[in-house]
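First the proteins, then the strands, lettered A, B, ... as listed; each starts at 1.
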Number of protein chains: 2
Amino acid sequence: MMAVSDIEEWKLDHSKAVSPQLRNVLRTRIIRNDLRPMSRLSEPELAKEYGVSRQPVREAFITLVEEGLLEVRPQRGTYVKRIDYEAVLNARFVREAVEADIVCKLAAEGSAALVKDLRGQISHQRAVADDTPEHFMELDEHFHRTLARAAGVGRSWDFLAQIKSQMDRVRFLTFEEFHISKLIDQHEQVADAIEQKSASRVEDAMRTHLREILSSLPRVQKLYPDHFEDSRGAIPGKSAQNSRRRIS
Amino acid sequence: MMAVSDIEEWKLDHSKAVSPQLRNVLRTRIIRNDLRPMSRLSEPELAKEYGVSRQPVREAFITLVEEGLLEVRPQRGTYVKRIDYEAVLNARFVREAVEADIVCKLAAEGSAALVKDLRGQISHQRAVADDTPEHFMELDEHFHRTLARAAGVGRSWDFLAQIKSQMDRVRFLTFEEFHISKLIDQHEQVADAIEQKSASRVEDAMRTHLREILSSLPRVQKLYPDHFEDSRGAIPGKSAQNSRRRIS
DNA sequence: ACTTCCCCACTTCCATACAAGTCAACACAA
DNA sequence: TTGTGTTGACTTGTATGGAAGTGGGGAAGT
């Protein structure tokens, strides 16, 4: 829908409030690795670039600091944070816990209309699997959001979206590490299990699905070591992230 | 530790950055119902009250809007949001899912030192049970944070803290609705189950513990209807919040 | 050559001024 | 009395100017 190169040229609508727009633009640029880790974002520079004053830029920074995408060192500069291995693992852990409960609710209450909707989305996903990865990620986002809304906890997904950015940064580093067709197959297994109203199967399917990133994360870190915080993860032996339930 | 009345007189340390302090003060005042729902918070007024300019106040507002505690209507005013019934239910749902997985991990990996720490905290909780409710809530916060850290997902608790404020507002409305001694007993059941390394029992204990608010929430809403959003919740029949697992 | 100190460019943070929109009260006409 | 138009005191959003702090480069002294 929107290629990476276009992001750099996004213009702001001066008839609306500028700060929120700027916040979204910068967040997208960071997640898509257009703004590299450790690079400095000076307020006046970005202000000139987008034709606004420093204040909206400042206010946009605040939220991004809260999301762990930026780090401001007072009187020194504002920098794009490197990917925090621990933060990724924690975000993934939270996401697995929440979405596991979501699909369990759906196995109990899910309607046939939902299953039909999901299957339509899945076929749509297959159609764009070989398209740009950005396109699939949008559909993936929509798929998981649909599950949350169907379970009656749509606002929970809004919360998850805040921490998901940590995981998305990893994805955008190397799409090759993520086999899209495999992810779509897992989506299908989730839909199947919901249709069969099997709570245990749908839970296993979702937990397996959300653990895919665990296998690729160490390789991504090896490939782009300077994109990651120097913390542990270099010693990812048994990273205390194996969740409670043995999968199949 | 800090009585409600003291909050209004919190002064800011002008040697450090002002915005974060102001943010914490305002958040606390909102959660503790010192700043009432629907009341207007004008930037220049608060600026004068705390002896700073409008800009730090504005920046403090941004985060609180993100947390769903404030609502700013452009060119009209900034208002304390009423408690959103749906948001409380969703926050509770997320918390249950995450903390259930946390204690399951602890049942598998938990150490004896952890159990000893928890029991110490519990006896401390009993000691202050008849003290001010604020004091118990601090200990309660510490207890749950300890569990997360022991499970190796300490940052996950930082994530949860963002949405927990929605639940805390309900608690601070009526402490009488929450029987502290009962909550402490449930803490003890969690500690017991961890010691016994029983995943199923500790999960049930935690889920039961975190569902306490569900029984009191409708009563609190009845008692303070104007503190709540006018949404559903007035029709809380089967509010789609009964989670996946039947308890005991 | 090496250490020490100072100055200056640069940053974020705060204060202040201006712009633009909203809403209520009020004057005024029918 | 009622309906209408307008003014003006509010609000938040944006722009800009200092204040305080950081760090590097260069000059001076040993």
Side-chain angles (χ1 to χ4, degrees), chain A residues 10-27 29-30 35-82 84 230, chain B residues 9-27 29-30 35-82 230:
Chain A
W10 269 1
K11 288 308 171 208
L12 305 179
D13 181 2
H14 281 258
S15 69
K16 301 193 185 80
V18 174
S19 303
Q21 304 177 60
L22 204 52
R23 162 174 38 194
N24 291 331
V25 170
L26 293 179
R27 170 172 31 222
R29 289 185 65 179
I30 294 174
L35 293 172
R36 296 297 184 79
M38 293 301 289
S39 63
R40 208 181 50 170
L41 299 186
S42 84
E43 291 178 359
E45 194 172 324
L46 280 173
K48 249 188 299 181
E49 182 176 343
Y50 287 97
V52 295
S53 87
R54 297 187 345 253
Q55 214 55 46
V57 179
R58 226 183 118 65
E59 299 183 355
F61 281 0
I62 294 178
T63 313
L64 300 175
V65 168
E66 212 69 15
E67 289 186 33
L69 297 178
L70 287 184
E71 175 185 12
V72 32
R73 282 180 277 194
Q75 273 70 31
R76 282 199 245 181
T78 304
Y79 301 86
V80 177
K81 277 197 70 169
R82 285 183 292 195
D84 190 329
D230 56 340
Chain B
E9 326 212 347
W10 270 359
K11 287 308 171 208
L12 305 179
D13 181 2
H14 280 258
S15 68
K16 300 194 185 79
V18 172
S19 303
Q21 304 178 59
L22 204 51
R23 162 175 33 191
N24 290 331
V25 170
L26 292 180
R27 172 177 22 227
R29 289 185 64 180
I30 294 174
L35 293 173
R36 295 299 185 78
M38 293 301 290
S39 63
R40 208 181 49 174
L41 300 186
S42 88
E43 293 177 359
E45 193 172 325
L46 279 173
K48 250 187 298 183
E49 180 176 345
Y50 287 98
V52 294
S53 88
R54 276 183 49 217
Q55 221 54 47
V57 179
R58 262 185 78 74
E59 299 181 357
F61 280 1
I62 294 178
T63 313
L64 299 176
V65 168
E66 214 69 16
E67 290 186 34
L69 297 178
L70 287 184
E71 176 184 11
V72 32
R73 280 180 277 196
Q75 272 70 32
R76 284 200 236 185
T78 304
Y79 300 86
V80 177
K81 278 197 68 170
R82 285 183 292 193
D230 56 341

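Atom-to-atom, CD1 of A/I62 to P of D/dT14 comes out at 13 Å; the value is rounded to the nearest Å. The CG-C1' distance, from A/L22 to D/dT14, rounds to 13 Å in whole Å. Remark: P of D/dT12 and CG of B/L64 are 14 Å apart, rounded to the nearest angstrom. One interatomic measurement links the two molecules: CZ of A/R58 to P of D/dG13, which rounds to 16 Å at whole-angstrom precision. Note: CD (A/E59) to P (D/dT14) measures 7 Å, nearest angstrom.
A search for side-chain contact (heavy atoms from CB on, under 4.5 Å) contacts involving A/A17 returns A/P20, not counting sequence neighbours. Every residue two or more places apart in sequence or in another chain that forms a salt bridge (Lys or Arg N to Asp or Glu O under 4.0 Å) with A/R58 is listed here: A/E43, B/E59. In terms of the salt bridge (Lys or Arg N to Asp or Glu O under 4.0 Å) criterion, B/E45 has no residue partners (sequence neighbours excluded).
Running 5' to 3' along DNA chain C, contacts with non-hydrogen atoms of chain A at under 4.0 Å begin and end at C/dT11 to C/dA15.
B/L41 comes within 4.0 angstrom of sugar-phosphate atoms only, judged by non-hydrogen atoms across all strands, and of no base. Within the 4.0 angstrom heavy-atom criterion, base atoms lie near B/R54.
Only B/V72, B/P74, B/Q75, B/R76, B/G77, B/T78, listed by number, bring a heavy atom of residues 69-81 of chain B to less than 4.0 angstrom from any atom of DNA chain D.
Heavy atoms only, all atoms of each residue included: B/P56 and B/S19 are closest at CA-OG, 3.5 Å.
Each of D/dG17, D/dA15, D/dG13 was ranked by its minimum atom distance to the side chain of B/Q55; first place goes to D/dA15.
For the pairing with A/V57, the side-chain contact (heavy atoms from CB on, under 4.5 Å) check across A/L41, A/L22, A/V18 returns one residue only, A/L22.
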Compile the donor-acceptor pairs under 3.5 Å between side chains in residues 69-80 of chain A and protein atoms, sequence neighbours left out, one pair per line.
none

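Residues B/R23 and A/E66 are paired through a salt bridge, judged by an N-O separation under 4.0 Å between the basic side chain and the carboxylate.
You'll find the side chain of B/E49 reaches within 4.5 Å of the side chain of B/L46, heavy atoms only.
To the nearest 0.5 Å, the span separating OH on B/Y50 from NE2 on B/H14 amounts to 11.5 Å.
Toward the 5′ end of DNA chain D lies the nearest nucleotide of B/E43, the other residue of the pair A/P56 and B/E43 mapping further downstream.
Considering only side-chain N and O atoms, A/S19 lies under 4.0 angstrom from the phosphate OP1 or OP2 of D/dT14. Between D/dT16 and A/S53, no contact under 4.0 Å exists linking OP1 or OP2 to a side-chain N or O.
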